[in-house]
Novice: 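Okay, handing you the structure first.
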Amino acid sequence: MPLSSIAHQRLHHQRISQTEFEKPEEVVSWMGAMQAQDYLGSLWAIGLRTKNATEADVEKALTNRTIIRTWPMRGTLHFVAPADARWMLKTFTPRVITRCAGIYKQEGLDKKTFTKSAKLLTAALEGGKQLTRKEVYEVLERGKVAAGNTRGLHILGHLAMQGLICFGARKGKQPTFTLLDEWIPATKMPVAEEAMAAFTLRYFASHGPATVQDFAWWTGLSTTEAKAAHEAVKSQLTEETIQGITYWTASSNSVVKTKSPGVYLLPGFDEYLLGYTNRTPAIDTTRYKQIAGNGNGLLSSTIVINSQIVGMWKRTIQKDTAIVEAQAFDTFNKTQKNAVAAAAKKYSKFLDLDVKII
DNA sequence: GCTAATTCTCTAACTTCGCG
DNA sequence: CGCGAAGTTAGAGAATTAGC
């Protein structure tokens with residue numbers, strides 16, 4: 001079995017090559033969590049996994065609170081379902097917070113500062129209020145908590161990881177913050193083991209075939225914790241070893257048909273790559289360096305053909321037209337060019353704009 | 001004044017390397 | 001092998017300036 005079969009199955013399980021989902025919240029629930037660092041890119045990550053969704057539809061799901069945006073795991077922004085948010089924050093963020101100790105120290109952020117910030121923000125946000133970053137920083141400054149440099153950023157992140165706040169609706173183009181407990185309905189905290197088992201299964205269903213190490217990296221759990229979580233649901237997973245590496249997928253997953261997996265324009269931080277620490281099934285290490293720039297944590301949008309990443313793309317909006325600039329690592333033949341154009345058209349439909357391909 | 005062009009500010013986190 | 005610290009950049013949107 002070649003390594004590319006792993007990638008092929010992932011396209012299917014991730015609901016990129018076909019999807020039954022009609023609503024953004026169905027996609028997010030299926031995926032467990034979706035990386036949402038680049039806001040506009042991550043709207044597309046949901047859109048491309050949804051039947052006929054437009055960008056406005058995904059934004060509506062965010063304002064209607066059927067999906068929410070916060071830092072539930074790994075110290076990275078994700079979209080999650082409201083029903084999962086509290087359990088995930090409680091389970092995954094303590095390790096992240098510990099890992100942030102160095103940064104907090106550097107910024108002079110101690111327990112007292114966080115407690116004071118929490119009080120200030122609770123008072124300012126109570127009653128369903130939503131404040132932009134700038135407004136939040138003003139509240140902090142008025143309360144004598146310096147929010148300059150990256151302090152404000154880390155305060156927001158920390159309080160979000162503690163489950164006090166999360167992102168609200170956008171005000172114009174600006175994101176806002178609001179109280180989590182006011183933003184989403186109260187949920188009963190599930191039994192820890194059961195919730196972990198269900199979540200682990202969901203990962204291996206939506207991201208499989210994946211390794212235990214992938215799961216550990218994705219969630220930010222330690223290898224030991226990830227191994228234990230995996231062990232608990234192992235009987236419901238199917239195993240596959242390629243080149244000495246063992247991959248797992250949920251046994252309940254439907255079998256992948258061997259039809260051509262198609263051409264896709266994925267956003268920069270799509271789960272197709274960010275769902276795993278080892279990305280070699282979709283792209284070799286040398287090529288990966290091209291999309292990862294100089295290793296600063298920023299990733300280019302990618303072009304996927306036959307389950308392999310074969311190029312990069314970017315978009316610029318000019319009035320009513322989305323200009324899609326596609327760049328192959330090697331060259332695209334005519335068939336591939338046409339397929340890329342068709343994929344760009346799909347994207348422009350999502351944006352509700354005309355498209356021009358360069 | 002209005003629009004276009006330009007500049008500026010700010011936001012995100014991944015990988016690698018080294019040490020215990 | 002696991003963990004922590006350090007290094008690193010593109011792009012969006014706001015703000016400002018230029019041009020007419």
Side-chain angles (χ1 to χ4, degrees), chain A residues 33-45 55 59 69-79 92-107 132-138 140 147-158 160-161 167 170-177 211-228 267-280 282-302 312-319 322-325 327 351:
Chain A
M34 292 180 77
Q35 215 273 19
Q37 168 183 359
D38 165 25
Y39 181 73
L40 296 172
S42 54
L43 295 180
W44 172 229
E55 192 175 64
E59 286 227 78
R69 188 175 183 230
T70 186
W71 285 271
M73 57 181 209
R74 205 167 78 229
T76 306
L77 276 168
H78 283 85
F79 291 134
F92 298 126
T93 63
R95 283 180 55 83
V96 180
I97 290 172
T98 310
R99 221 192 300 144
C100 287
I103 300 167
Y104 292 161
K105 204 172 166 188
Q106 209 177 316
E107 295 281 351
T132 64
R133 230 177 260 284
K134 210 179 147 197
E135 289 163 346
V136 166
Y137 294 171
E138 280 163 14
L140 292 173
N149 297 322
T150 54
R151 274 174 59 104
L153 211 64
H154 290 300
I155 291 170
L156 282 169
H158 186 84
M161 286 195 280
F167 280 80
R170 288 215 294 176
K171 231 182 236 176
K173 301 272 185 187
Q174 291 299 316
T176 67
F177 293 85
T211 66
V212 178
Q213 203 47 246
D214 287 328
F215 180 61
W217 176 84
W218 187 68
T219 52
L221 288 172
S222 73
T223 310
T224 318
E225 289 168 319
K227 271 185 187 158
F269 298 86
D270 195 273
E271 287 290 318
Y272 190 54
L273 272 185
L274 273 284
Y276 320 90
T277 180
N278 181 349
R279 288 141 203 183
T280 51
I283 186 169
D284 69 54
T285 314
T286 326
R287 285 281 168 71
Y288 181 76
K289 289 198 174 108
Q290 287 190 55
I291 63 163
N294 294 321
N296 57 352
L298 296 173
L299 300 173
S300 294
S301 310
T302 58
M312 310 186 282
W313 65 284
K314 59 182 170 191
R315 73 109 199 248
T316 33
I317 308 274
Q318 255 177 30
K319 285 183 182 164
I323 297 163
V324 172
E325 206 174 323
Q327 190 197 344
L351 296 176

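Every chain is numbered from 1, with letters handed out A, B, ... down the list of sequences.
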Novice: Does A:Arg99 have a side-chain nitrogen or oxygen under 4.0 Å from the phosphate oxygens OP1 or OP2 of C:dA5?
Specialist: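 No, because none of the side-chain N or O atoms of A:Arg99 sits under 4.0 Å from OP1 or OP2 of C:dA5.
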Novice: B:dT11 phosphate, OP1 or OP2: any side-chain N/O from A:Tyr137 under 4.0 angstrom?
Specialist: yes
Novice: For A:Phe92, which residues count as a ring pair (Phe, Tyr, Trp, His ring centres under 6.0 Å) partner, sequence neighbours excluded?
Specialist: A:Trp87, A:Phe199
Novice: Could you give the NZ-to-P distance, from A:Lys173 to C:dA12, as a whole number of Å?
Specialist: 10 Å
Novice: Is the phosphate of C:dG13, meaning OP1 or OP2, less than 4.0 Å from a side-chain N or O of A:Arg170?
Specialist: yes
Novice: Given atom CD of A:Glu325 and atom C1' of C:dA10, what is their separation to the nearest angstrom?
Specialist: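 Result: 14 Å.
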Novice: Round to the nearest Å and state the distance from A:Gln174 atom CD to C:dA12 atom P.
Specialist: 14 Å
Novice: Indicate the ring-plane relationship of A:Trp71 and A:Phe167, choosing parallel, tilted or perpendicular according to the 30° and 60° boundaries.
Specialist: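 Tilted, since the angle between the ring planes falls between 30° and 60°.
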Novice: Respond yes when some side-chain nitrogen or oxygen of A:Arg279 is under 4.0 Å from OP1 or OP2 of B:dT15, and no when none is.
Specialist: yes
Novice: Using the six-membered ring of A:Trp217, assess whether NZ or CZ of A:Arg279 lies under 6.0 Å from its centre and within 45 degrees of the ring axis.
Specialist: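 Ring-cation test returns yes.
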Novice: Counting just side-chain N and O atoms, does A:Gln35 come under 4.0 Å of either OP1 or OP2 of B:dC14?
Specialist: yes
Novice: Does the side chain of A:Trp71 get closer than 4.0 angstrom to OP1 or OP2 of B:dA13 through an N or O atom?
Specialist: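 For B:dA13, OP1 or OP2 has a side-chain N or O of A:Trp71 closer than 4.0 Å.
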Novice: For A:Gln213, which contact category applies under a 4.0 Å heavy-atom criterion: base, sugar-phosphate, or nothing?
Specialist: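 Contact class for A:Gln213: none.
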Novice: Please state how far atom CE in A:Met73 lies from atom C1' in B:dA13, giving the value in whole angstrom units.
Specialist: 13 Å
Novice: For the pair made of CH2 in A:Trp218 and C1' in B:dT15, what is the distance, rounded to whole Å?
Specialist: 20 Å
Novice: Rounded to whole Å, please give me the gap between NE2 in A:His154 and P in B:dT11.
Specialist: 10 Å
Novice: Any donor-acceptor pair under 3.5 Å linking the side-chain atoms of A:Gln327 with those of A:Glu325?
Specialist: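 Per modelled atom types, A:Glu325 and A:Gln327 side chains form no pair under 3.5 Å.
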Novice: When you match A:Lys227 and A:Cys100 each to their closest nucleotide on DNA chain C, which lands nearer the 5' end?
Specialist: A:Lys227
Novice: Tell me: CD of A:Gln37 to P of B:dA13, nearest whole Å?
Specialist: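 After rounding, the reported distance stands at 5 Å.
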Novice: For A:Asp38 and A:Ala101, find the nucleotide of DNA chain C closest to each by heavy atoms; which residue's nucleotide sits nearer the 5' end?
Specialist: A:Ala101
Novice: Nearest to the A:Lys314 side chain among B:dT11, C:dA12, C:dG11, which nucleotide is it?
Specialist: C:dG11
Novice: Base, sugar-phosphate, or nothing for A:Gly75, non-hydrogen atoms under 4.0 angstrom?
Specialist: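 Sugar-phosphate, no base atom in range.
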Novice: Among pairs that include at least one residue of residues 147-158 of chain A, which meet salt bridge (Lys or Arg N to Asp or Glu O under 4.0 Å), considering only residues two or more places apart or in two chains?
Specialist: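 For residues 147-158 of chain A, and leaving out neighbouring residues, there are no salt bridge (Lys or Arg N to Asp or Glu O under 4.0 Å) pairs at all.
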Novice: What nucleotide among B:dC14, B:dT11, C:dA15 has an atom nearest to a side-chain atom of A:Arg74?
Specialist: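 Given the options B:dC14, B:dT11, C:dA15, the side chain of A:Arg74 is closest to B:dC14.
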Novice: Any idea which heavy atoms bring A:Arg95 and A:Gly220 closest together, and the distance?
Specialist: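 Taking A:Arg95 first and A:Gly220 second, the nearest heavy atoms are NE-O, 3.0 Å.
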Novice: Between atom CG in A:Leu273 and atom P in B:dT15, what is the gap in whole Å?
Specialist: 10 Å
Novice: Within the structure, does a side-chain N or O atom of A:Ser222 lie under 4.0 Å from either OP1 or OP2 of C:dG2?
Specialist: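 The answer is no; no side-chain N or O of A:Ser222 sits under 4.0 Å from OP1 or OP2.
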